Amino acid sequence: MYEINEKLTSGKPILKKVNKDYFTRHAIKTHFVTEKDNYLDLISNYVKPQYNKGDILIICEKIIALCQKRVVYSDELKVSKLAKFLSRFVNVTPAGKGIGNPEKMEVVLQKAGIIRVLIGALAAALTRPFGIKGLFYKIVKSESQEIDGFNDNAFDYYKDKGILSPKNPEQVCNEIKNKLNINAVIADANDLNVEILGKPTDSKYSDSFLKQIIEDNPAGQHNEQTPFILVKKEKVKKNLTKNATYQKVGK
């Protein structure tokens with residue numbers, strides 16, 4: 001059984017207006033997810049009881065990656081001098097160090113290649129004095145942005161683990177729809193940016209529209225443990241409290 005509680009620890013409002021329509025975003029709290037979990041089981045247990053036709057399920061990319069065992073462990077990663085050097089020049093944002101973490105930078109070097117990383121770093125250094133930001137990420141692309149973990153900001157569990165981006169996110173969304181009849185979207189969101197990584201092949205929603213729904217990162221940035229955001233379209237604007245979440249209670 002599920003009930004609506006005023007316990008959304010991210011503090012984000014439940015109601016969101018996109019264009020002329022209103023949507024409620026319900027953060028679904030789960031147990032602490034690890035590599036031992038299966039995303040289909042998680043969705044079936046936590047989301048299915050509250051899902052209705054027409055709803056949109058937004059899934060944190062980290063959860064899918066964990067279930068796919070897309071994990072890099074610190075004790076298996078030899079951090080090079082180049083990674084340590086380059087990480088010193090990364091701009092740290094409120095969302096965290098990012099690849100300012102030497103372990104993350106090492107993963108980027110291994111995934112993107114030294115040449116591309118050096119070109120990106122040089123381009124960023126030359127253009128930053130002119131107020132141009134983000135060029136490094138554009139050149140190095142997903143390898144630099146979709147690495148999570150290697151920190152204990154929220155949970156000690158991630159201190160010695162790096163989480164790579166999900167494999168074949170569109171295929172995962174198709175699988176969820178085919179097996180559970182749920183329209184799911186995989187997103188990489190934080191308090192600074194949102195990227196849509198995957199959605200069903202026949203999705204009627206544009207990336208731009210989906211980004212607007214979760215642009216304020218309703219799942220939260222810290223230890224909320226709410227990797228699923230269930231989005232429901234409302235016919236009229238409701239007088240809702242600012243904070244609400246679906247939370248499993250009972251059996």
Side-chain angles (χ1 to χ4, degrees), residues 16-28 30 33-72 107 111-112 134 137-149 162-190 192-220 226-235 246:
K16 177 70 175 181
K17 184 180 180 182
V18 179
N19 300 325
K20 296 181 180 180
D21 295 318
Y22 287 94
F23 299 86
T24 49
R25 296 96 49 86
H26 303 277
I28 300 179
T30 70
V33 177
T34 71
E35 304 100 302
K36 297 179 181 180
D37 286 294
N38 177 287
Y39 56 79
L40 291 175
D41 291 340
L42 290 171
I43 296 169
S44 181
N45 291 335
Y46 288 103
V47 180
K48 191 72 171 177
Q50 288 298 327
Y51 185 88
N52 296 311
K53 185 177 180 180
D55 293 348
I56 307 170
L57 173 63
I58 310 292
I59 306 174
C60 168
E61 44 84 31
K62 182 192 292 184
I63 296 303
I64 300 299
L66 273 171
C67 291
Q68 293 177 329
K69 297 178 174 54
R70 301 267 293 160
V71 181
V72 178
V107 175
K111 295 292 182 181
Y137 297 100
K138 290 180 180 178
I139 293 173
V140 180
K141 298 182 180 178
S142 62
E143 287 87 348
S144 64
Q145 292 178 296
E146 297 166 10
I147 303 171
D148 212 334
I163 316 300
L164 304 178
S165 59
K167 185 177 181 180
N168 299 325
E170 182 178 302
Q171 183 177 317
V172 171
C173 292
N174 286 335
E175 180 187 18
I176 293 170
K177 185 168 186 180
N178 292 335
K179 293 184 177 180
L180 299 177
N181 199 27
I182 287 177
N183 283 304
V185 173
I186 299 173
D188 180 10
N190 56 51
L192 298 178
N193 189 42
V194 175
E195 291 294 333
I196 304 301
L197 303 184
K199 58 187 178 182
T201 304
D202 61 354
S203 175
K204 64 180 181 179
Y205 300 111
S206 68
D207 287 3
S208 175
F209 169 79
L210 294 168
K211 285 182 181 181
Q212 289 181 70
I213 288 181
I214 57 169
E215 63 186 356
D216 59 342
N217 189 23
T226 52
F228 299 125
I229 299 295
L230 187 57
V231 179
K232 295 176 176 289
K233 185 176 181 179
E234 305 295 343
K235 292 183 179 180
Y246 282 117

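Values in this document were obtained by computation on a predicted structure and should not be read as measured data. We're numbering straight along the sequence, starting at 1.
Considering all non-hydrogen atoms of both residues, Lys16 and Glu215 come closest at NZ-OE2, 2.5 Å. Nearest heavy atoms, Ser44 versus Pro49: O-CD, 3.6 Å. Between Ala65 and Ser165, the closest heavy-atom pair is CB-C, 4.3 Å. Closest of all the heavy-atom pairs between Thr226 and Ile229 is O-CD1, 4.5 Å.
Under the side-chain contact (heavy atoms from CB on, under 4.5 Å) criterion, Asp216 pairs with Lys12, Pro13, Arg25, Pro218, not counting sequence neighbours. Scanning for side-chain contact (heavy atoms from CB on, under 4.5 Å) contacts around Lys17 gives Tyr22, with sequence neighbours left out. Taking the side-chain contact (heavy atoms from CB on, under 4.5 Å) definition, one finds that Lys69 meets it with Glu35, sequence neighbours left out.
Contact annotation: the side chain of Pro166 approaches that of Leu197 to within less than 4.5 Å [non-hydrogen atoms, C-beta and beyond]. Contact check for Phe209 versus Ile56: side-chain heavy atoms found under the 4.5 Å cut-off. Taking the side chain as every heavy atom from C-beta outward, Thr30 and Asn45 never approach each other to under 4.5 Å. Looking at Asn181 and Lys53, their side chains never come closer than 4.5 Å, going by heavy atoms from C-beta outward. Residues Glu61 and Ile163 are not in side-chain contact: their nearest non-hydrogen atoms beyond the backbone lie 4.5 Å or more apart. Here the side chains of Ile186 and Cys173 are in contact, with some heavy-atom distance below 4.5 Å. The shortest side-chain heavy-atom distance between Asp37 and Leu66 does not fall under the 4.5 Å cut-off. Inter-residue side-chain proximity for Val47 and Asp55 is flagged as unmet; no heavy-atom pair is nearer than 4.5 Å.
The line from CD1 of Ile213 to CZ of Phe23 is 4.5 Å long, rounded to the nearest 0.5 Å. The distance from the CD1 atom of Ile64 to the CD1 atom of Ile59 is 4.5 Å, given to the nearest 0.5 Å. Here CD1 of Ile43 is found 3.5 Å from CD1 of Ile176. Values are rounded to the nearest 0.5 Å. Between the CD1 atom of Ile63 and the OH atom of Tyr39 there is a distance of 13.0 Å, given to the nearest 0.5 Å. Note: Ile196 CD1 to Leu210 CG = 5.0 Å, rounded to the nearest 0.5 Å. A distance of 8.5 Å separates CD in Glu175 from CG in Asn178, rounded to the nearest 0.5 Å.
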request  = Determine, stepwise, if the pair Gln212 / Val194 fulfils side-chain contact (heavy atoms from CB on, under 4.5 Å).
outcome  = CA-CA 9 Å; Gln212 289 181 70; Val194 175; over 6 Å; no
ask   = side-chain contact (heavy atoms from CB on, under 4.5 Å) between Asn183 and Lys177: does it pass, once the steps are laid out?
value = CA-CA 6 Å; Asn183 283 304; Lys177 185 168 186 180; 3.2 Å; yes
key: Val185 vs Val231, side-chain contact (heavy atoms from CB on, under 4.5 Å): CA-CA, chis, key distance, verdict   = CA-CA 11 Å; Val185 173; Val231 179; over 6 Å; no
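A donor-acceptor pair under 3.5 Å is formed between the side chain of Gln68 and the backbone N or O of Lys167. A donor-acceptor contact shorter than 3.5 Å is absent between the side chain of Lys233 and the backbone of Asp21. Remark: side-chain polar atoms of Lys199 are paired, donor with acceptor, to backbone N or O of Tyr205 under 3.5 angstrom.
Taking the six-membered ring for Trp and thresholds of 30 and 60 degrees, Tyr46 and Phe228 have ring planes inclined between 30 and 60 degrees apart.
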